[in-house]
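Numbered from 1 within each chain, the chains take letters A, B, ... in sequence-line order.
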Protein chains: 2
Amino acid sequence: MSRQMVRPGGRSARVQAAVHAAVRELASEVGRDALTVPLIAQRAGVTPSTIYRRWGDLQELLSDVAVERLRPDTAPRDHGGLSSDLTVWAEQFLDEMASPTGRAYIRDALLGDPDGSNAGQCSAYAAEQINVILSRAAERGEDTPDVETVIDAVVAPLMYRILFRPDGLDTSYASRLVTGVLEPTIR
Amino acid sequence: MSRQMVRPGGRSARVQAAVHAAVRELASEVGRDALTVPLIAQRAGVTPSTIYRRWGDLQELLSDVAVERLRPDTAPRDHGGLSSDLTVWAEQFLDEMASPTGRAYIRDALLGDPDGSNAGQCSAYAAEQINVILSRAAERGEDTPDVETVIDAVVAPLMYRILFRPDGLDTSYASRLVTGVLEPTIR
DNA sequence: CACCTTAAAGCAAAATCATTGCTTCTACGA
DNA sequence: TCGTAGAAGCAATGATTTTGCTTTAAGGTG
């Protein structure tokens with residue numbers, strides 16, 4: 001019943017692809033805020049009622065598209081050590097997510113998401129990336145925190161600030177968080 | 001130009017109060033998702049165009065109301081010690097925010113918020129509460145972390161999970177986070 | 001391979017919502 | 001007390017959303 005569970009390869013899949021493509025195209029042409037269901041439908045060669053019946057409303061559609069765009073397209077780079085792997089990853093995560101575009105995607109993903117599954121997917125992407133980094137480090141014999149710890153200590157603070165306090169964020173904050181989780185000290 | 005900066009005591013203030021009240025009443029009567037601008041306008045004894053002119057759209061109005069409802073109505077209770085003060089506060093914070101109602105308010109606050117000021121206000125509320133707790137502890141001579149640290153280590157993880165992974169949250173998670181920030185240990 | 005079944009898409013009308021120009025009201029300052 | 005300007009009301013217009021019904025096509029069955 002999930003929106004991703006359409007009959008693959010059939011007309012439904014074509015419509016989904018066309019609609020998603022239309023959203024991405026129009027978002028870059030006329031801007032995220034000018035999107036409307038009828039506009040998207042026209043570009044996708046589809047009737048508006050199809051979109052309303054499948055996605056419910058514009059927000060849910062945008063949420064779907066946002067999750068798709070927030071999926072990492074590549075495994076985190078290997079820099080030969082846990083510390084640099086995590087630092088680079090966190091800095092890049094912050095860069096991408098704190099940009100106006102990134103914030104818009106995050107908000108879209110959170111918004112049209114009654115059951116929280118889309119937001120959960122975003123979190124799962126981050127967890128997966130971190131898991132890759134930690135597993136690699138463990139194979140090297142490094143001592144590693146577990147994924148949940150990194151999420152609490154790095155991802156959560158980054159996300160919190162991106163969403164609630166977008167000012168004064170820079171990459172040094174990300175690296176400080178990573179340092180904090182990797183080198184626990186007595187305060 | 002902020003929405004709070006209306007002429008106090010005049011007609012504008014009455015309208016604002018009536019509209020906010022209408023939103024709260026209707027939200028509990030027909031449910032958050034059934035709210036529409038015309039419905040709210042009718043209940044508030046106001047024309048829809050007034051709402052559109054003043055707030056722009058439904059989302060911004062809901063964002064305003066949400067921030068108002070997320071404002072703590074009371075200072076955190078004093079339990080005589082930093083650890084219990086913070087633990088109780090964090091558990092209550094989680095309770096309120098993780099409920100369906102609380103999540104809806106958070107999302108609304110984040111949503112209709114082009115400039116991020118409403119979300120920033122929410123964060124400021126939490127920071128203020130924590131500041132009260134920490135100041136009290138400092139006066140007692142307790143050793144305290146600073147507000148930013150508590151936000152990173154307690155508030156951010158709670159918020160992250162509320163927003164991105166609403167499943168499997170319980171009060172013990174909140175107290176674990178508090179313990180973590182107050183009693184730093186070498187992992 | 002032809003035929004059924006059914007989920008999804010198209011179509012079009014109706015309802016609802018959003019926008020806007022213009023008028024009227026009222027709080028505030030001189 | 002009066003003038004002014006910001007805010008609200010009103011009403012017409014335009015856009016979006018919803019809905020009943022029809023048509024299409026994917027996937028299963030004999």
Side-chain angles (χ1 to χ4, degrees), chain A residues 1-23 25-27 29-65 68 108 111-115 117, chain B residues 1-23 25-27 29-65 68 108 111-114:
Chain A
M1 182 54 212
S2 162
R3 293 177 214 96
Q4 311 294 344
M5 280 299 164
V6 297
R7 296 177 179 177
R11 182 164 65 158
S12 295
R14 281 200 306 278
V15 167
Q16 158 142 341
V19 170
H20 277 219
V23 169
E25 292 169 21
L26 288 168
E29 289 174 24
V30 304
R32 151 83 179 68
D33 293 336
L35 297 180
T36 70
V37 171
L39 186 67
I40 293 163
Q42 184 182 14
R43 171 67 62 103
V46 150
T47 60
S49 64
T50 294
I51 294 182
Y52 288 117
R53 285 223 161 85
R54 263 225 11 219
W55 281 277
D57 61 14
L58 179 61
Q59 284 181 0
E60 289 189 48
L61 169 57
L62 293 181
S63 182
D64 263 19
V65 174
E68 203 176 81
D108 283 343
L111 272 168
D113 193 19
D115 56 356
S117 60
Chain B
M1 180 55 212
S2 161
R3 294 176 210 97
Q4 312 292 345
M5 280 299 164
V6 296
R7 296 178 180 177
R11 183 163 67 158
S12 294
R14 282 199 306 278
V15 167
Q16 159 144 340
V19 169
H20 276 220
V23 169
E25 291 169 23
L26 288 168
E29 289 174 24
V30 304
R32 151 83 180 69
D33 293 336
L35 296 180
T36 70
V37 171
L39 186 67
I40 293 163
Q42 185 182 12
R43 170 66 62 99
V46 150
T47 61
S49 65
T50 294
I51 293 183
Y52 288 118
R53 284 226 162 83
R54 211 136 135 207
W55 280 277
D57 62 12
L58 178 61
Q59 285 179 358
E60 288 189 48
L61 169 56
L62 292 181
S63 185
D64 260 19
V65 174
E68 201 176 83
D108 283 342
L111 194 55
D113 193 17

Protein and nucleotides 22-25 of chain C: nitrogen or oxygen contacts under 3.5 angstrom:
{"residue": "dC25(C)", "atom": "O2", "partner": "Arg11(B)", "partner atom": "NH2", "Å": "3.2"}

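- Residue Arg14(B) contributes atom CZ, which lies 9 Å from atom C1' of dT26(C) at whole-angstrom precision.
- Within residues 33-41 of chain A, the residues having any heavy atom closer than 4.0 Å to DNA chain D are, in order of number, Thr36(A), Val37(A), Pro38(A).
- Under the 3.5 Å distance criterion, the side-chain polar atoms of Asp113(A) are matched with a main-chain donor or acceptor of Ser117(A).
- When the side-chain nitrogen and oxygen atoms of Arg54(A) are compared with OP1 and OP2 of dA8(C), none of them lie within a distance under 4.0 Å.
- Judged as a salt bridge (charged side-chain N to carboxylate O under 4.0 Å, His left out), and not counting sequence neighbours, the contacts of Arg43(B) are Glu25(B), Glu29(B).
- Between Pro48(B) and Pro38(B) the shortest heavy-atom distance is CG-CA, 4.2 Å.
- We find the CD-CD1 distance between Glu60(B) and Ile51(B) to be 13.0 Å, quoted to the nearest 0.5 Å.
- A sub-4.0 Å separation between OP1 or OP2 of dC11(C) and a side-chain N or O of Thr47(A) is absent.
- To the nearest angstrom, P of dA9(C) lies 10 Å from CD of Gln16(A).
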For this session: Give the C-alpha distance, both sets of side-chain angles, the deciding distance and a yes or no for side chain to side chain contact (heavy atoms under 4.5 Å, CB included) between Val23(A) and Leu62(A).
Result: CA-CA 8 Å; Val23(A) 169; Leu62(A) 293 181; 3.8 Å; yes

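- Taking atom CH2 on Trp55(B) and atom C1' on dT19(C), their separation rounds to 17 Å, with Å as the unit.
- dC17(C) atom C1' lies 14 Å from atom CG of Asp57(A), rounded to whole Å.
- In this structure, Leu58(A) atom CG and dT18(D) atom P are separated by 11 Å, rounded to whole Å.
- Listed candidates were dA11(D), dA9(C), dG10(C). Nearest to the side chain of Ser12(A) is dA9(C).
- Nucleotide dC17(C) holds its P atom 10 Å from the CD atom of Gln42(B), rounded to whole Å.
- The side chain of Ser49(B) lies closest to dG9(D), out of dT19(D), dG9(D), dA8(D).
- Smallest separation of non-hydrogen atoms from Thr47(A) and Ala41(A): C-CB, 3.9 Å.
- The shortest distance between side-chain heavy atoms of Val19(B) and Gln16(B) does not fall below 4.5 Å.
- With Trp55(A) as reference, Leu61(A) is the one residue of Leu61(A), Val37(A), Val65(A), Ile40(A) to meet the side-chain contact (heavy atoms from CB on, under 4.5 Å) rule.
- Nearest heavy atom pair, residue Val46(A) against residue Thr50(A), reads CG1-CB, 3.6 Å.
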